[in-house]
Amino acid sequence: GIQVEQSPPDLILQEGANSTLRCNFSDSVNNLQWFHQNPWGQLINLFYIPSGTKQNGRLSATTVATERYSLLYISSSQTTDSGVYFCAVTYNTDKLIFGTGTRLQVFP
Amino acid sequence: NAGVTQTPKFQVLKTGQSMTLQCAQDMNHEYMSWYRQDPGMGLRLIHYSVGAGITDQGEVPNGYNVSRSTTEDFPLRLLSAAPSQTSVYFCASSYNGMNTEAFFGQGTRLTVV
């Protein structure tokens, strides 16, 4: 099956710093989504981005499907950005397959 | 706007007991699914449904049953709970398959002792 790898596994930032999270996938995908799991465990959909670039406030994402990767950019990080960030993909099926996540901690 | 609602939020079971985790969505989504989340392993798909009356297995289906009698509801049944089923369970829905934006419930934390 498809492999979804995220890097780095852990990231510690001071408030105000910028960061880039990466998601690599081993096969062509139909769909790619980024999620944020907050410290209370809730999963929030950040981007639905099978290709191209999208921006939402301080967050933006880029997927280069032909090169099998996606990037999530967080600018001017805030303590509320802390949590785990997951990318998830579908490929020729209705199954959404998750990566293992990047744990982000933002300190004041 | 309720979105995806899971009940209960927390549950403790003894080994061998049965229970049903409830999931309901009010967005008229055709696609619903169940995931489990274990430390260091991300989310793994248990079962999914592309519409009422249709269900299929995901990556880790053993020990779980599902049914989809209505568009709104997708319950997950544990027939004989085992300690290996201790996990956090998430229900998700999307409008038309997982190639559209997915929405998740708040999760059910299950402990089997």
Side-chain angles (χ1 to χ4, degrees), chain A residues 1-10 21-52 54 56 61 63 65 70 83-104, chain B residues 1-6 8-10 23 25 27 29-51 54-61 66 68 74 87-110:
Chain A
I2 193 169
Q3 303 299 313
V4 183
E5 297 179 350
Q6 292 186 242
S7 61
D10 295 281
L21 284 59
R22 187 176 181 102
C23 173
N24 291 333
F25 38 96
S26 61
D27 206 341
S28 300
V29 298
N30 301 118
N31 172 20
L32 187 141
Q33 302 184 45
W34 282 97
F35 295 89
H36 175 221
Q37 186 170 38
N38 65 24
W40 295 271
Q42 190 173 6
L43 278 159
I44 305 297
N45 194 309
L46 298 175
F47 293 103
Y48 168 80
I49 186 166
S51 64
K54 289 187 178 179
N56 184 2
T63 297
S70 182
V84 183
Y85 290 81
F86 291 102
C87 69
V89 303
T90 59
Y91 68 112
N92 298 328
T93 71
D94 278 318
K95 301 178 183 179
L96 188 64
I97 306 299
F98 279 76
T100 53
T102 292
R103 182 174 300 276
L104 174 64
Chain B
N1 294 331
V4 181
T5 303
Q6 289 184 235
K9 288 188 170 56
F10 302 94
C23 176
Q25 52 88 12
M27 298 175 281
H29 284 173
E30 289 294 325
Y31 186 97
M32 297 184 74
S33 54
W34 278 101
Y35 290 82
R36 60 176 289 173
Q37 184 176 27
D38 302 299
M41 300 190 73
L43 281 80
R44 293 181 292 169
L45 181 64
I46 304 171
H47 284 286
Y48 65 100
S49 169
V50 299
I54 305 169
T55 64
D56 207 344
Q57 295 182 351
E59 302 169 271
V60 288
V66 293
R68 184 94 180 270
F74 190 44
S87 187
V88 180
Y89 292 84
F90 287 95
C91 178
S93 76
S94 62
Y95 176 67
N96 184 16
M98 271 306 182
N99 285 317
T100 52
E101 187 178 359
F103 297 87
F104 281 79
Q106 291 189 315
T108 295
R109 185 174 295 274
L110 175 68

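In what follows, chains carry the letters A, B, and so on, assigned in the order in which the sequence lines appear, proteins first and then strands, with residues in each chain numbered from 1.
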A.B. asks: To the nearest 0.5 Å, what is the distance between CG on L45(B) and CD1 on I97(A)?
C.D. replies: 6.0 Å

A.B. asks: Ignoring hydrogens and geometry, is there a side-chain-to-backbone donor-acceptor pair from Q106(B) to L43(A) under 3.5 Å?
C.D. replies: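 Absent.
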
A.B. asks: Please flag which part of F47(A) lies under 4.5 Å from any non-hydrogen atom of chain B: side chain, backbone, both or neither.
C.D. replies: neither

A.B. asks: Report the distance from atom CZ of F98(A) to atom OH of Y35(B), rounding to the nearest 0.5 Å.
C.D. replies: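 Nearest 0.5 Å value for the CZ-OH distance: 5.0 Å.
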
A.B. asks: Show the nearest heavy-atom pair for residues F90(B) and Q37(A), with the distance to one decimal.
C.D. replies: CZ-NE2, 3.4 Å

A.B. asks: Given that the side chain runs from C-beta out, which part of Q57(B) has a heavy atom under 4.5 Å from chain A: side chain, backbone, both or neither?
C.D. replies: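 Only the backbone of Q57(B) comes within 4.5 Å of chain A.
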
A.B. asks: Is a side-chain N or O of E101(B) found less than 3.5 angstrom from the main chain of N45(A), in a donor-acceptor match?
C.D. replies: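 Here the side-chain-to-backbone pair does not exist.
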
A.B. asks: What part of L43(B) lies closer than 4.5 angstrom to a heavy atom of chain A: side chain, backbone, both or neither?
C.D. replies: both

A.B. asks: What is the distance from atom NZ of K95(A) to atom CZ of R44(B), rounded to the nearest 0.5 Å?
C.D. replies: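 One finds 14.0 Å between NZ of K95(A) and CZ of R44(B).
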
A.B. asks: Just wondering, more than 12 heavy atoms not from R103(A) lying within 6.0 Å of its CZ?
C.D. replies: no

A.B. asks: Counting C-beta onward and ignoring hydrogens, is there a side-chain heavy-atom pair between Q37(B) and F86(A) closer than 4.5 Å?
C.D. replies: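 With C-beta onward as the side chain, the pair touches.
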
A.B. asks: Would you give the length of the straight line joining atom CZ of F103(B) to atom CD1 of I44(A), rounded to the nearest 0.5 angstrom?
C.D. replies: 10.0 Å

